Amino acid sequence: MPKPKRSGSGPEMAGPTTVPANGAAIPALGLGTWQLRGDDCSAAVKTALAAGYRHIDTAAMYGNEEAVGAGLKASGIGRDEVFVTTKVWYEDLAPADLRRSAEASLRRLDLSFVDLLLIHWPNSRLPLAPSIRALCAAKRTGLARHVGVANFTVQLLDEAMAAADEPIAANQCEYHPYLDQRAVLSACRRHGVAFISYCPLGKAQVLGEPAIQAIATTHGRTPAQIVLRWHLQQGVAAIPKSGNPRRIAENFAVFDFELAEDEMARIAGLARRGGRMVAPSWSPAWD
Ligand code: NDP
C-alpha cells in the first residue's frame, strides 16, 4: 500500500483525505450502505454527501443500488465529485455473468460508470484468472474507472495480481480493533493496492472497550471517531455504515486530530482470536 497522500496541511487537516491505489485516489472515509434500504438509504447518502463524504459503498447484493442512485441525484453533488463503489456477487463471477452484473448495477444506480467495481467475494468453485480478466475488461470498456477485489487473502491477492491486465486498485476486507489484519495489510502494501476497511467499527461492538473510551476522553472525541482515526492513520480507507444523521456527521469529523503512537498501539492490542465478525460459508481460508 503506498503512503497516504495529505491533501491538506495544518491542524485543521490532520491526515490523508485520499488513499492512493495503483493509480486511483480513494476518499479515505466513505459511507457503508449494507442493510440500508429504500428512502432511508437515499436519505443517508444525501446526508453523508452534505456532510462532506465523497465515497459511497454499495453492492449488487445489498439490494439498494436504486436508492443509492436516488440519494446521489438528490444531493446535487456533481458525478465527478463522488467516488462510487459497487460489487459483483461471488456467484456471478463467470466472465459473461460478471459483465451482466456490472451493467445491471449501472442501470440500477442510473450511472454510466462506477469509480470502483469489486469482486465481492472469491469463489473457490470458479477459476480466478478468467474472472479477473473479465473484471479488467469491465474497466477497459468504461463500466468502471477502477477495479479491485474484496475478501481476498494474501494468496488470492497474489493470484489476482498475476492474472490482472489492468491495475488492481483495492482489496476491501474486514478490519477493526478486534481483528489482526497485518498479513493482508502487508500484501496490499507490497502490491500497491489500497486496503479498504469494512466493518471498521466492528459493527459498533468495539466502541465499549475501556481502552478506546479512555482515549476518546483524552481527545474529547467519541469512541467511533477514535476507531476511525486509527484506521486512517494506518493509511487505509474506512467505510462505516450509519443511517443516523448525527452519527453520519460524527463519523466524518475525524480529520482534525491525531492519535499518538502509543494510542495506536493500544488499540491494535485489542486484537483477539475469534475477532472476525463476517465469515460466511463461502469464505476463503483466512490468513
Ligand atoms: P460498521 O462497523 O460500519 O458498524 C455499523 C454499525 O455501527 C451500525 O449498527 C451503526 O448503527 C453503528 N454506528 C455507526 N456509527 C456509529 C457511531 N458513531 N456511534 C455508535 N454506533 C455507530 O459495520 P458494517 O457491517 O455496516 O460495515 C460497514 C460497511 O462495510 C457496510 O455497510 C458495507 O458497505 C461494507 N461491508 C462490506 C463487506 C464485504 O464483503 N465487502 C462485508 C460487510 C460490510 P446506526 O446505523 O444506527 O448508526
Side-chain angles (χ1 to χ4, degrees), residues 26-37 40-41 43-45 47-48 51 53 55-65 67-68 71 83-93 105 114 116-123 147-153 156-157 169-179 181 184 194-209 212-213 216 221-232 236-254 270 275-284 286:
I26 302 179
L29 209 287
L31 179 74
T33 66
W34 184 45
Q35 290 176 323
L36 286 169
R37 292 292 184 96
D40 290 346
C41 179
V45 169
T47 300
Y53 288 67
H55 171 178
I56 308 292
D57 183 81
T58 182
M61 193 278 266
Y62 297 172
N64 65 10
E65 289 173 309
V68 167
F83 191 96
V84 180
T85 299
T86 197
K87 315 184 191 85
V88 178
W89 192 233
Y90 81 105
E91 287 167 327
D92 292 327
L93 299 186
S105 286
V114 286
L116 184 60
L117 180 68
L118 301 178
I119 287 181
H120 202 149
W121 287 88
N123 184 337
V147 293
V149 296
N151 296 298
F152 270 41
T153 59
L156 286 166
L157 187 61
N171 187 14
Q172 185 184 108
C173 294
E174 179 178 342
Y175 190 33
H176 46 72
Y178 285 162
L179 184 61
Q181 281 285 38
V184 181
F195 186 105
I196 303 175
S197 303
Y198 78 65
C199 298
L201 303 174
K203 297 181 183 284
Q205 292 170 33
V206 304
L207 304 180
E209 276 295 330
I212 292 172
Q213 296 209 337
R221 297 285 169 156
T222 67
Q225 289 174 324
I226 297 302
V227 173
L228 293 171
R229 186 71 214 167
W230 175 79
H231 286 279
L232 300 189
V236 307
I239 48 168
K241 173 263 169 186
S242 180
N244 174 294
R246 187 179 54 75
R247 290 192 285 277
I248 289 172
E250 173 187 326
N251 293 345
F252 196 72
V254 291
L270 297 171
R276 191 179 291 279
M277 296 178 183
V278 181
S281 58
W282 57 85
S283 299
W286 301 114

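For the numbers below, each heavy atom of this structure counts, side chains included, while hydrogens, waters and symmetry mates do not. Counting starts at 1 for both ligands and their atoms, following the listed order. Since this is a predicted model, take the numbers as computed values, not measurements.
Thr153 places a side-chain N or O within 3.5 Å of a backbone atom of Leu156 that can act as its donor or acceptor partner. In terms of modelled atom types and a separation under 3.5 Å, the side chain of Asn64 and the main chain of Thr33 share a donor-acceptor contact. Checked by atom type and distance alone, the side chain of Arg37 never pairs as donor or acceptor with a backbone atom of Ala67 at under 3.5 Å. For His55 (side chain) and Pro27 (main-chain N/O), a donor-acceptor pair under 3.5 Å exists by modelled atom type. Proximity of a side-chain donor or acceptor of Tyr178 to a complementary backbone N or O of Met277 within less than 3.5 Å is not detected. In this structure a side-chain-to-backbone donor-acceptor pair under 3.5 Å is present from Gln213 to Leu207. With hydrogens and angles ignored, the 3.5 Å screen pairs no side-chain donor or acceptor of Arg221 with any backbone N or O of Ile226. The backbone N or O of Gln225 sits nowhere less than 3.5 Å from a side-chain atom of Glu250 that would complete a donor-acceptor pair.
Counting heavy atoms from C-beta outward, Pro240 and Leu228 have side chains that approach closer than 4.5 Å. Put simply, the side chain of Tyr90 does not reach to within 4.5 Å of the side chain of Asn151, judged on heavy atoms. Using a 4.5 Å heavy-atom cutoff, the side chains of Phe83 and Leu116 are in contact. Within the 4.5 Å cutoff, side-chain heavy atoms of Cys173 are placed close to those of Gln181. Considering only heavy atoms from C-beta on, Pro200 stays 4.5 Å or farther from Trp230 through its side chain.
Residue Asn244 places no N or O, backbone or side chain, under 3.5 Å from any N or O of ligand 1. Of the N or O atoms in Leu207, none lie within a sub-3.5 Å distance of an N or O in ligand 1. On a distance-only criterion, Gly243 and ligand 1 share at least one N/O pair closer than 3.5 Å. Of the N or O atoms in Leu201, one or more lie within a sub-3.5 Å distance of an N or O in ligand 1. In terms of N/O distances under 3.5 Å, ligand 1 is not approached by Lys87.
The atoms of ligand 1 that sit less than 4.0 Å from any heavy atom of Tyr62 are 33 (C), 34 (O), 35 (C), 36 (N), 37 (C), 38 (C). Per-residue contacts place His120 under 4.0 angstrom from the following atoms of ligand 1 (heavy atoms of the residue considered): 39 (C), 40 (O), 41 (N). Near Ile239, meaning under 4.0 Å from any of its heavy atoms, are these atoms of ligand 1: 28 (C), 29 (C), 30 (O), 35 (C). Near Pro240, the atoms of ligand 1 lying under 4.0 angstrom from a non-hydrogen atom of the residue are 3 (O). Distances below 4.0 Å separate heavy atoms of Gln172 from the following atoms of ligand 1: 37 (C), 38 (C), 39 (C), 41 (N).
Residue-level proximity to ligand 1 for Pro200 is carried by backbone and side chain together, each with a heavy atom below 4.0 angstrom. At a heavy-atom cutoff of 4.0 Å, ligand 1 is contacted by the side chain of Asn151 but not by its backbone. Contacts of Glu250 with ligand 1, taken as heavy-atom pairs under 4.0 Å, involve the side chain alone. Only the side chain of Ala224 comes within 4.0 Å of ligand 1, judged by heavy-atom distances. If you look at Thr222 next to ligand 1, there are no close heavy atoms at all, none under 4.0 Å.
At a 4.0 Å cut-off, not a single heavy atom of Val278 sits close enough to ligand 1 to count as contact.
In this structure, of Tyr90, Trp121, Tyr198, the residue bringing a heavy atom nearest to atom 38 (C) of ligand 1 is Tyr198.
Closest protein heavy atom to atom 3 (O) of ligand 1: Lys241 N, 2.9 Å. Among protein heavy atoms, atom 12 (C) of ligand 1 sits closest to Ala204 CB, 3.9 Å. If you check which protein heavy atom lies closest to atom 47 (O) of ligand 1, you get Arg247 NH2, 2.8 Å. With respect to atom 15 (N) of ligand 1, the closest heavy atom belonging to the protein is Asn251 ND2, 3.0 Å. Among all protein heavy atoms, the one lying closest to atom 4 (O) of ligand 1 is Lys203 CA, 3.3 Å. Annotation: atom 34 (O) of ligand 1 to nearest protein heavy atom, Asp57 OD2, 2.7 Å. The shortest contact between atom 27 (O) of ligand 1 and any protein heavy atom is with Cys199 N, 3.1 Å. Here the heavy atom of the protein found nearest to atom 31 (C) of ligand 1 is Trp34 CB, 3.6 Å.
With no hydrogens or angles considered, no side-chain donor-acceptor pair links Thr58 and Glu65 at under 3.5 Å.
Distance check on atom 7 (O) of ligand 1: some protein heavy atom falls below the 4.0 Å cut-off.
Between Lys241 and Asp57, no side-chain nitrogen of the basic residue sits less than 4.0 Å from a carboxylate oxygen of the acidic one, so the salt-bridge criterion is not met.
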